[in-house]
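Heads up, the thing below is written out as structure tokens.
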Amino acid sequence: MADSVGRQVDSINHATEEDEKKHEIIGAKGEGKELTKEEKQRLRKEKKQHKKNKKDDRGPPEKEKEKEKASVPAPSKPATQSPAHKAAPVPVNASASESPVAAEKPAKSKAELRAERRARQDSERASKQGKKEGGQQSTSSKPKATPNELQPVVKRLPDHVQVDDPVALKKLAKKLERQQVPLRSDYGYKVSLFSHLHQYSRKNPPTQQISIPVTVIHPSIVRLGLQYSQGIIAGSNARSVALLHAFKQVIQDYSTPPNEELSRDLVNKLSPYISFLSQCRPLSASMGNAIKYIKKEISNIPSQCKEEEAKRILQECIDSYINEKIILASEAISKYAIEKISDGDVILVYGCSSLVNHILCEAFEKQRKFRVIVVDSRPRLEGREALRRLVKKGIRCTYVLISALSYILPEVSKVFLGAHALLANGYVMSRVGTSQIALVAKAYNVPVLVCCETYKFCERVQTDSFVSNELDDPDDLIVTRNGKTHLENWQTVKSLGLLNLVYDVTPPDFVDLVITDLGMIPCTSVPVVLRVKNVDQ
Amino acid sequence: EIHEPEEVSVWFREGSSCCQETLARNQRFTETPVNMPGADKETDLSERIESFLSELKRCGSGAGSLRGSAETARETTALLRRITAQARWGNAGELMEIIRKEGRRMTAAQPSETTVGNMIRRVLKIIREEYARGSSEETDQQESLHKLLTSGGSSEDNFRQHFTHLKANVIEAINELLTELEGTTDNISMQALEHIHSNEVIMTIGRSRTVEAFLKDAARKRKFHVIVAECAPFCQGHEMATSLCKEDIETTVIPDAAIFAVMSRVNKVIIGTQTVLANGGLRAVNGTHTLALAAKHHSTPLIVCAPMFKLSPQFPNEEDTFHKFVSPHEVLPFTEGEILSKVNAHCPVFDYVPPELITLFISNIGGNAPSYIYRLMSELYHPEDHEL
């Protein structure tokens, strides 16, 4: 019903659609974002040009390309019928079947995505004009895996693991330029095994190229980014909570421009912020999940909602997320974990995990008798922070470095580890050194318990610590002992490299139990939890 | 005046032996020198022994061994040569007694420096051999069952005979031992090309002069990549890395926590050690056990480059004698403030690595499996010398 209206409207308008689009864009958005929209268009044209050149280079028959181009806009007009997305791939599929050359497939999928996007935008605009009462808003969200059996399920590779690909770098640079976010440059000699990752120096903060006052990026986001890059806020829970608080501030200060919907515009506003934050420090899995949640909540705001009301709803959502997923989750995990702590235990912890510290403090308050061994490692030495917190509570502690692990492990009865993320194949991603602790504990037959909230579960899979990791500032490894600093001028030495990894992955056979807010599960049940979560949402 | 042992050919018979021993025992600088012809040599010798002992005591306090084990071995052997040459002894038994006594003092000064004890046992074995050669004039030195049964206890009375050339022979044998000691590092590095191929990734931990020479020798002909674990808190890996870079070897320094993370890309692990124990296990710098476990998990071969003088007839025992600790301020500095009083901090220096985790020993006499170490030991030391 509504669709027929849309179809009618569209059939009238389709001739002048291209021009109308441009007018709409310029008129509707207002002066503030003029530049970016025009730039967007310019970039779109550039992309088209670029693609044309690429296709010419590849040397497929031009006729086919033109046919494709012609066929793609053609169905876009009738494609604004109800299943808008299904029509678009059909002509593309036809052309795909004509030329089964493998090299063309990526180009085709890009064209396919472009056509889809255009089709979707048309349908959105048509539906906005045609029907005021909201029906389905499945078209408003970002292009996730649409219910389309023909589309490949390959997810886009994140930018921060494609540093060795100049094409990807150029794309990223263009995107950042468009969003007016400064691009951070790599520092120092990178070990060849990790040339696909960024390596930044703490001495060059990303805010050096930003002008003051900042126009595009909200100041609380700038502050947050600086805190991330300098290591002032560290630890996945802390980073997520700080991120959510900053977003609350952003939402508070946000005002919808005229003729724009809050649900769509706010999401677009958040993109440059997220790019900026990932330039400061690559996003953690928990931050990624939080951002997904916020975006979903924003886009679920009904369009007739007033701005104040919408803002209030969003603030509440964020508060409840923090409360449920982080605070209450840690309460639940403590409750489960305390059952596992008996009197006379000697518990080994590694580094500073807010969750594990919380568990130990709670157990101590519940009058369990145990003592703690804190294992620490250079160069971060986070264990000292954990040591301070535990000693302040009054817990008896011992402190060693990770190289003394084999010496201290015969005394230990249990190992409690925190996690940065739990991957879908059961691997635990955590601070570098965690897998070592699990390995040696296994050799001494000491049980290893990992504590992790469910919001840190992510759908990625990974088997080693190389493909997706973070490289920290290599200068941190330099140390002065007895007045001598051996690595002082490591940059000048040609064949010397320093490697400062941040994360590593622990195989599931080293981990005996994972304690989550849903209960105590084995490592291999992580994909089950993910599936249950997805079904719920 | 410095007497070279080779020049000494006259024994001093003046003075009773007990007087000599009293002199040797009371090493005070304030003591008035006794007017005996052999006395200067005795005091000179005792002074040297004392200075060696104080060196041992001082160098063991932190940062591993400030002087390498090879140096210690050489100095110990030179000192034993001097004792043989200058001390008062009549027969082999007395000499062995003197050496054992001095040896006990030396090992007590620095129990973790096992090369001292090893050299003493080597010299004792040399003396036994020379004595046996002198007494029986047999070329057959094997332990035949007949000999074992008939010799009964090769007890003290067996060593009471006096041979004119025993001293010269012993000194010559000790010189041979010294030459062998000087050539150990070269012998080991010569085997490098047999074990390292090109484009390999080799991992090592801390700083070992033997491994350094080994890798540098291979780097002359092959190109490979070395990953050095820095081995906190002393961070000797940094020195190792800078030294390897001078030979244009591609080196990467990683913190200890990243050992397991990068192990999957490593082809071989080559380490040095402080001591090789009698069961084939190692006493090496802390962190080596973790390295060995990670290598086992990835089925990466673990190669230990250790010269023969590091082989010690000790077995690993858990308690105090095995571990050595240094000041915990290396781990938790005093700047940490108030929590220091409420926290125990440990800084062990050594790690025990069981023989199952080791693939190969490369020593100056070639490559051996850990299961063969007990046999090598029986060739180097006499069973009665295991307890000094």
Side-chain angles (χ1 to χ4, degrees), chain A residues 191-193 350 374 376-380 384 387-388 391-392 394 396-408 410 431-436 438-440 442-443 464-466 469 474 476-479 481-482 484-487 490 493-501 503-506, chain B residues 63 201 205 225 227 229-236 238-262 264-265 285-290 293-294 296-297 318 323 328 330-332 336 338-339 342-348 350-353:
Chain A
V191 178
S192 55
L193 282 170
Y350 177 63
V374 179
D376 202 7
S377 77
R378 280 195 73 238
R380 284 181 165 236
R384 293 197 186 158
L387 193 65
R388 271 180 225 121
V391 168
K392 215 159 36 146
R396 263 193 311 149
C397 293
T398 307
Y399 178 81
V400 287
L401 287 182
I402 197 171
S403 38
L405 193 58
S406 327
Y407 163 69
I408 204 93
R431 189 66 82 215
V432 67
T434 312
S435 54
Q436 218 163 295
L439 168 80
V440 185
K442 183 100 186 162
D464 59 33
S465 325
F466 290 86
N469 208 327
D476 288 344
L477 287 181
I478 302 178
V479 72
R481 280 190 56 89
N482 298 338
K484 281 197 284 195
T485 317
H486 289 280
L487 293 181
W490 69 276
V493 182
K494 195 168 44 101
S495 27
L496 184 59
L498 300 185
L499 185 61
N500 191 357
L501 284 177
Y503 297 118
D504 73 5
V505 281
T506 309
Chain B
V201 178
I205 188 169
H225 190 119
I227 299 182
E230 66 179 8
C231 189
F234 306 115
C235 295
Q236 295 199 313
H238 296 188
E239 273 183 68
M240 176 85 157
T242 37
S243 143
L244 286 176
C245 280
K246 294 207 182 85
E247 306 291 319
D248 270 345
I249 302 178
E250 284 279 329
T251 321
T252 305
V253 177
I254 61 166
D256 299 327
I259 287 178
F260 186 73
V262 304
S264 51
R265 298 294 179 271
V285 287
N286 61 344
T288 313
H289 190 208
T290 313
L293 283 172
K296 186 81 177 191
H297 181 261
E318 325 168 352
H323 278 293
E330 309 276 355
V331 165
L332 196 60
E336 286 300 312
E338 349 156 309
I339 56 173
K342 308 186 185 121
V343 165
N344 299 336
H346 296 285
C347 187
F350 297 122
D351 243 356
Y352 169 63
V353 182

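We name chains A, B, ... by the order of the sequence lines, and we start the count at 1 in each one.
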Mind checking whether B:V253 and A:L496 have side chains closer than 4.5 Å, heavy atoms only? yes
Test item: B:D256 and A:S377 side chains (from C-beta on) under 4.5 Å apart, heavy atoms: no
Whether over 12 other heavy atoms sit under 6.0 Å from A:R396 CZ: no
Using a cut-off of under 4.5 Å on heavy-atom pairs, state which of B:G287, B:A345, B:C245, B:A294 scores highest against chain A. B:C245
Name the option with the most non-hydrogen atom pairs under 4.5 Å to chain B; the candidates are A:S465, A:P379, A:G433, A:S406. A:S406
Heavy-atom check, side chain of A:D464 versus side chain of B:R265, under 4.5 Å: yes
Quick check for you: among A:L477, A:D476, A:V191, A:T434, which has the greatest number of heavy-atom pairs under 4.5 Å with chain B? A:L477
Are B:D248 and A:K494 ion-paired here, with the side-chain N under 4.0 Å from a carboxylate O? yes
Interface check, chain A: of B:C231, B:P328, B:A229, B:C235, most non-hydrogen pairs under 4.5 Å belong to B:C235
Atom group of B:E338 that falls short of 4.5 Å from chain A, counting heavy atoms: neither
Part of B:I205 within contact of chain A (heavy atom distance under 4.5 Å): neither
Contacts of A:A443 meeting side chain to side chain contact (heavy atoms under 4.5 Å, CB included) (sequence neighbours excluded), chain-then-number -> B:L293
Side-chain donor/acceptor of A:Q436 to backbone N/O of B:I259, under 3.5 Å: yes
Rounded distance [0.5 Å steps], OH in A:Y399 versus CD1 in B:I339: 8.5 Å
So what's closer than 4.5 Å to chain B heavy atoms on A:L501: side chain, backbone, both or neither? side chain
A:S495 portion near chain B, given a 4.5 angstrom heavy-atom threshold: both
Does the distance from a Lys or Arg side-chain N to an Asp or Glu carboxylate O, for A:R481 and B:E330, drop under 4.0 Å? yes
Contact class of A:V440 relative to chain B, heavy atoms under 4.5 angstrom: both
Atom CD in B:Q236, atom NE2 in A:H486: separation rounded to 0.5 Å? 8.5 Å
Hey, could you give me the OG/CZ distance between A:S403 and B:F234, rounded to the nearest 0.5 Å? 9.0 Å
Applying side-chain hydrogen bond (donor to acceptor under 3.5 Å, both in side chains) to A:D504 and not counting sequence neighbours gives A:S435
Any side-chain heavy atom of B:N286 sitting closer than 4.5 Å to one from A:L401? no
Quick one: of A:L498, A:L439, A:V479, who has the most non-hydrogen atom pairs under 4.5 Å with chain B? A:L439
How long is the gap from CG on A:L193 to NE2 on B:H225, to the nearest 0.5 Å? 7.0 Å
Carefully, step by step, assess B:V343 and A:L387 under the rule side chain to side chain contact (heavy atoms under 4.5 Å, CB included). CA-CA 9 Å; B:V343 165; A:L387 193 65; 4.0 Å; yes
Max heavy-atom pairs within cutoff under 4.5 Å with chain B, candidates A:L405, A:I478, A:L487, goes to A:L487
Under a 4.5 Å cutoff for heavy-atom pairs, which residue among A:V391, A:N500, A:V374 has the most contacts with chain B? A:V391
At a 4.5 Å cut-off on heavy atoms, which part of B:V285 comes close to chain A: side chain, backbone, both, or neither? neither
For a quick test of reading the model, state the closest non-hydrogen atom pair linking B:A261 to A:F466 and the distance between them. O-CE1, 3.4 Å
B:H238 versus chain A, the contacting section by heavy-atom distance below 4.5 Å: both
Is A:Y503 close to chain B through its backbone or its side chain, or both, or neither, when contacts mean heavy atoms under 4.5 Å? neither
